[in-house]
There are 2 protein chains.
Amino acid sequence: MAATESTKDRLHGTLDALVLKTLSWGPRHGYAVARWLEDTTQNAIQIEEGSLYPALYRMERKGWIEAEWGTSELGRKAKFYKLTTRGKRQLKLETTEWAEFAQAVSVVLVPTA
Amino acid sequence: MAATESTKDRLHGTLDALVLKTLSWGPRHGYAVARWLEDTTQNAIQIEEGSLYPALYRMERKGWIEAEWGTSELGRKAKFYKLTTRGKRQLKLETTEWAEFAQAVSVVLVPTA
DNA sequence: GCGGGATACTTAGACTGTCAAGGTATTAAA
DNA sequence: TTTAATACCTTGACAGTCTAAGTATCCCGC
């Protein structure tokens, strides 16, 4: 509700890159990934759990990340994900693509120049 | 194929703004909208017809644009769309949202600053 | 005058990724 | 003992994109 209805749609095809980038700072469990993204973007980006966990499984299947059970900072059971080599490559690729796409959209939407 | 598979996904929730913006320069028919966007972005943004026309119908239903049959520059029957007042408002809104979203994503992906 | 290519619109169907909303379990605080 | 925060998981719905196929017109070259 807070963010406008359509804001969510924009995550399409970008969520993966955001999660990969978050993990590039070191292993984290899912919940922490979501918190970190919200904090870092001052809630501009909010990730629903129903989007996050499926995304993590997806990326694990693709070999971009690896999971391992551990203990969270607060002493709770948690699954820690870490970036693989392929994940790093993928992150690099998606970052470039995002930059190009964002640039193109900006050219259209804000052409005042 | 040319653009990576995920590039397309990024259009999600952005296509409307792009089309509205295109029409803000004056009425155009669908085909011309697609051409203009491709030209302006040097093919970084490619719009499939199966996405474009449904998007136009959707926005017409929402009252953001209005259609009128006319004749194209090449003397062919074509449906010209023009922005309504509500469409202009919507464009403004989506432009702002896009800027915020893109900013947030950039903060995450390119934090080197 | 005939075929091919660009123009221009339409629609059906599949797919994918996000979301909402529910659930489990543990821990700490109230 | 009840509440809230942490942490994970799952189901089902939905929306918007894509692929792919079709219609029709017009122009050009041969």
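Just so we're on the same page: letters track the sequence lines, and every chain starts at 1. Here the structure is a predicted model, which is why all the values come from computation and not from measurement.
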Among C/dT18, C/dC9, D/dT10, the one nearest B/W69 by side-chain distance: C/dC9
Closest to side chain of B/E49, choosing from C/dA6, D/dC8, C/dT10: C/dT10
Short side-chain N/O contact to C/dG17 OP1/OP2 from A/R10, under 4.0 Å: no
Given D/dC8, D/dC18, C/dT18, the nucleotide with the shortest approach to the side chain of B/L11: D/dC18
Distance, rounded to the nearest Å, where A/M59 contributes CE and C/dG17 contributes P: 11 Å
Heavy-atom side-chain contact between B/Y31 and B/E49 under 4.5 Å: yes
Minimum-distance nucleotide to A/L74 side chain [options: D/dC9, D/dT6, C/dT7]: D/dT6
d(OH, B/Y31; P, D/dA24) in whole Å: 19 Å
Pairwise 5' ranking along DNA chain D for B/K77 and B/I47, keeping only the more 5' one: B/I47
Spacing of B/H12 atom NE2 relative to D/dC18 atom P, expressed in whole Å: 8 Å
Side chain of A/S51 - closest among D/dC8, C/dC19, C/dC9: C/dC19
Atom pair distance, as rounded to whole Å: CD in B/E60 and C1' in C/dT10: 14 Å
Minimum side-chain heavy-atom gap A/L11-A/S51 below 4.5 Å: no
Shortest side-chain distance from A/E73, nucleotide among C/dC19, C/dT10, D/dA7: D/dA7
A/E38 atom CD, neighbour heavy-atom count above 12 within 6.0 Å: yes
pair B/R28-B/R35: side-chain heavy atoms closer than 4.5 Å: no
Distance in angstrom units between B/R28 CZ and C/dC9 P, rounded: 13 Å
Shortest side-chain distance from B/E48, nucleotide among D/dT17, D/dT19, C/dT7: D/dT19
First of A/A55 and A/G75 reached from the 5' end of DNA chain C, by closest nucleotide: A/A55
Between C/dA8 (C1') and B/F80 (CZ): distance, integer Å: 10 Å
Presence of B/Y53 side-chain N/O under 4.0 Å of C/dT10 phosphate oxygens OP1/OP2: no
Along DNA chain D (nearest heavy atom to each residue), the more 5'-positioned of A/S72 and A/G50: A/S72
Closest to side chain of A/R76, choosing from C/dT27, C/dT7, D/dT10: C/dT27
Whether B/H29 and B/F80 hold their rings parallel, tilted or perpendicular, with breakpoints at 30° and 60°: perpendicular
Heavy-atom neighbours of A/Q42 CD exceed 12 at 6.0 Å: no
Atom pair distance, as rounded to whole Å: OH in B/Y57 and C1' in D/dG16: 15 Å
Whole-Å distance separating the NZ atom of A/K79 from the P atom of C/dT26: 17 Å
